[in-house]
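Heads up: numbering here begins at 1 and tracks the sequence.
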Amino acid sequence: NPKENTAATSVIGSGILTVEETNNYDFGTISMAAGKVKRIFKIKNTGDEAVIINKIYTSCMCTTATLTNEGEIFGPYSMPGHGAIPKINQVVNSGEETVVEVVFDPAAHGPAGIGKIQRTVTIENNAGEPMELSFLAVVAP
């Protein structure tokens, strides 16, 4: 799939978070009537040191993100300002994977929400710049 050929990398020190597959996922055309859609992003620490995930939040209240790390579930987290975004301080050791499940509700904005959208999930971590997971969709009624 040509839409899935990019990887996001964030580097400082020697802990590196990398998104497997793509960090700009395209859902294509989705229907409000069909309800929520979700995408699993697998994130791996490809560096030599542990990385600490501090916070996760989304760009819009229509989107939530849940972290599953070593069998524990954190979230779902949404947009800052719609409740405090807690620090979660989850460690991802070198060579280990963690999973972020992103859920988008196309009906959250009502009839005004039709058309192209892009939303972002931000993962603040101690390996440098925040990692961003993005997705696109065209919302139909």
### Query
Is there a side-chain contact between V139 and K116 (heavy atoms, below 4.5 Å)?
no
### Polar side-chain atom of S31 near backbone of P141 as donor-acceptor pair, under 3.5 Å
yes
### Message
Please find the pair of heavy atoms, one from G113 and one from M32, that lie closest to each other, and give the distance.
### Response
C-CE, 3.9 Å
#### Entry: Common cluster, V103/F27, ILVMFWY with side-chain heavy-atom separation under 4.5 Å
no
### Task
Consider only side-chain N and O atoms of T64 and S78, and report whether a donor and an acceptor are under 3.5 Å apart.
no
### Query
Is there a donor-acceptor pair under 3.5 Å between the side chain of T46 and the backbone N or O of T18?
no
### Query
Between the side chains of S94 and D48, is a donor N or O closer than 3.5 angstrom to an acceptor N or O?
no
### Query
Would you say V91 and F74 are hydrophobically clustered, going by side-chain heavy atoms of ILVMFWY under 4.5 Å?
no
### Query
For the side chain of S59 and the backbone of T120, is there at least one donor-acceptor N/O pair under 3.5 Å apart?
yes
### Query
Is a side-chain N or O of N93 found less than 3.5 angstrom from the main chain of A50, in a donor-acceptor match?
no
### Task
With the side chain counted from C-beta on, respond yes when K55 and P86 share a heavy-atom pair under 4.5 Å apart, and no when they do not.
no
### Query
Can you list every ring-ring contact (aromatic ring centres under 6.0 Å, His included) pair that touches residues 99-134, not counting sequence neighbours?
F104-F135
### Query
Considering residues, nucleotides and ligands other than K44, do more than 12 of their heavy atoms fall under 6.0 Å from its NZ?
no
## Note on the structure
Here the gap from I30 atom CD1 to I117 atom CD1, rounded to the nearest 0.5 Å, amounts to 6.0 Å
## Note on the structure
Smallest heavy-atom separation, G15 atom then A127 atom, equals O-CB, 3.4 Å
### Task
Please confirm whether the backbone N or O of G95 pairs with a side-chain atom of N45, one donor and one acceptor, at under 3.5 Å?
no
### Query
Which atom names give the shortest non-hydrogen contact between I56 and Y77, and what distance separates them?
O-CB, 3.3 Å
### Query
Is the shortest heavy-atom distance from the side chain of T68 to the side chain of T98 under 4.5 Å?
no
### Validation row: I53, I88 side chains within 4.5 angstrom (heavy atoms)
yes
#### Entry: Atom of K36, atom of P106 and distance for their closest heavy-atom approach
CA-CD, 3.9 Å
### Task
Could you check if a side-chain atom of L133 sits within less than 4.5 angstrom of a side-chain atom of V100, using non-hydrogen atoms only?
yes
### Any side-chain donor near an acceptor of the partner, N69 and Q90, under 3.5 Å
yes
### Query
When rounded to the nearest 0.5 angstrom, what distance separates CZ in R119 from CG in D105?
11.0 Å
### Query
If we only count heavy atoms from C-beta on, is the Y57 to E124 side-chain gap below 4.5 Å?
yes
### Query
Are I52 and M131 connected, step by step, through hydrophobic side chains (Ile, Leu, Val, Met, Phe, Trp, Tyr) whose heavy atoms are closer than 4.5 Å?
no
### Message
Counting C-beta onward and ignoring hydrogens, is there a side-chain heavy-atom pair between I73 and T66 closer than 4.5 Å?
### Response
yes
### Trace of the side chain to side chain contact (heavy atoms under 4.5 Å, CB included) decision for Q118 with N24
CA-CA 9 Å; Q118 178 171 4; N24 203 12; 3.6 Å; yes
